[in-house]
Amino acid sequence: MSTIADNILQVSSRIQAATQAAHRAEQSVHLLAVSKTKPAEALREAHAAGLRDFGENYLQEALAKQLELADLPLIWHFIGPIQSNKTRAIAEHFAWVHSVDRLKIAQRLSEQRPADLPPLNICIQVNVSGEDSKSGCTPADLPALAKAISELPRLTLRGLMAIPEPTDDRAAQDAAFAAVQSLQASLDLPLDTLSMGMSHDLESAIAQGATWVRIGTALFGARDYGQS
Ligand SMILES: *Cc1c(COP(=O)(O)O)cnc(C)c1O
C-alpha cells in the first residue's frame, strides 16, 4: 500500500522528468494537490510531506477543512464551478480561483475581495474540447473576457485553466494543451500561469507549458463519491 508521502515522491519525479524532457527550468511547474472528497487528515499528511497548495471544488467541504487545518500555513485554490451566491465566501477564503468563466462572477469576486487581503489570483477556464457539458468560456469569447477581468481592481489575472476531454492518446492530449498555450500567447496581457494537466495527462501538459498541474488521484487515491 502506498502512502500519501510515497505518492508525492512519485508524482514529483514524474513532474521533474517531464520538466527536464521539455527543457524547462527546474522549478517552473508547481504541484496543486486536489483534495476534494478527501478528509482533512489526508491534507495534513500531504502538508507534512511538503505540500502547501490545495485545490478544492466544493465550497462547503473546503470551508470545513480550512477550519480543521487552520493551524497550518496552507494556500487554498478554488477549482470548481462557481455559482454567484458562492462568490463572497470564495473571495474571502481562497488565494486563487482557477475556474472563472464569465465576467459577472469575476466582477463579484473583485467587489467582494476583502481589503486586507492581497488581490485574488485568477485563471480563466477555457473550453478547448468544445463539449457542451463542460464549463469554460469559448476561445472566441476569451479575448474580451480576459481584457475585462484584467481591469478589475481586486483581481490579478494570472492565466488560463483547462480540462480537456480525457483521452489516453498522447497526440490528442498534446493538441488540446497546445491549443490552450497558443490562446494564452495570443492575448496581449502579462500572464504567467497555465493551469493544466491532471493525474493521467500531466506529462503532456508540462510539455505544452503548464505551470500548475492539478493532481488528485495520483496523490490521494481514487475518490469515493458514494460516502458523505
Ligand atoms: C478533480 C479535479 C482534478 C484532479 O483530477 P485527477 O484526475 O484526480 O488528478 C483536477 N482539476 C480539476 C478541476 C478537478 O475537478
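Sequential numbering from 1 along the given sequence is applied to the chain's residues. This is a predicted model, so every value here is computed, not measured. Order of appearance sets the numbers: ligands from 1, and atoms from 1 within every ligand. What's counted below: heavy atoms across the whole structure, side chains too, no hydrogens, waters or symmetry copies.
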> Do side-chain atoms of T217 reach the backbone of A222 as a donor and acceptor pair under 3.5 angstrom?
Replying inline: no
Could you check ligand 1 for N or O atoms lying under 3.5 Å from protein N or O atoms and list the pairs with distances?
from	atom 1	to	atom 2	distance (Å)
ligand 1	8 (O)	T217	N	2.8
ligand 1	8 (O)	T217	OG1	2.5
ligand 1	8 (O)	R223	NH1	2.8
ligand 1	8 (O)	R223	NH2	3.1
ligand 1	9 (O)	S199	N	3.0
ligand 1	9 (O)	S199	OG	2.5
ligand 1	9 (O)	G216	N	2.8
ligand 1	11 (N)	R214	NE	2.9
ligand 1	11 (N)	R214	NH2	3.4
ligand 1	15 (O)	K36	NZ	2.6
ligand 1	15 (O)	N57	ND2	2.7

> Can you list every pair that meets ring pair (Phe, Tyr, Trp, His ring centres under 6.0 Å) and has a residue in residues 36-76, with sequence neighbours left out?
Replying inline: none
> Sequence neighbours excluded, which residues qualify as side-chain contact (heavy atoms from CB on, under 4.5 Å) partners of A172?
Replying inline: T167, D169
> Any idea how H98 and H77 line up, ring-wise: parallel (<30°), tilted (30 to 60°), or perpendicular (>60°)?
Replying inline: tilted
>> Please enumerate all residues that pass side-chain contact (heavy atoms from CB on, under 4.5 Å) together with N121, with sequence neighbours excluded.
In response: W96, T156, R158
>> Testing the 3.5 Å rule here: is there a donor-acceptor pair between the side chains of R108 and S84?
In response: no
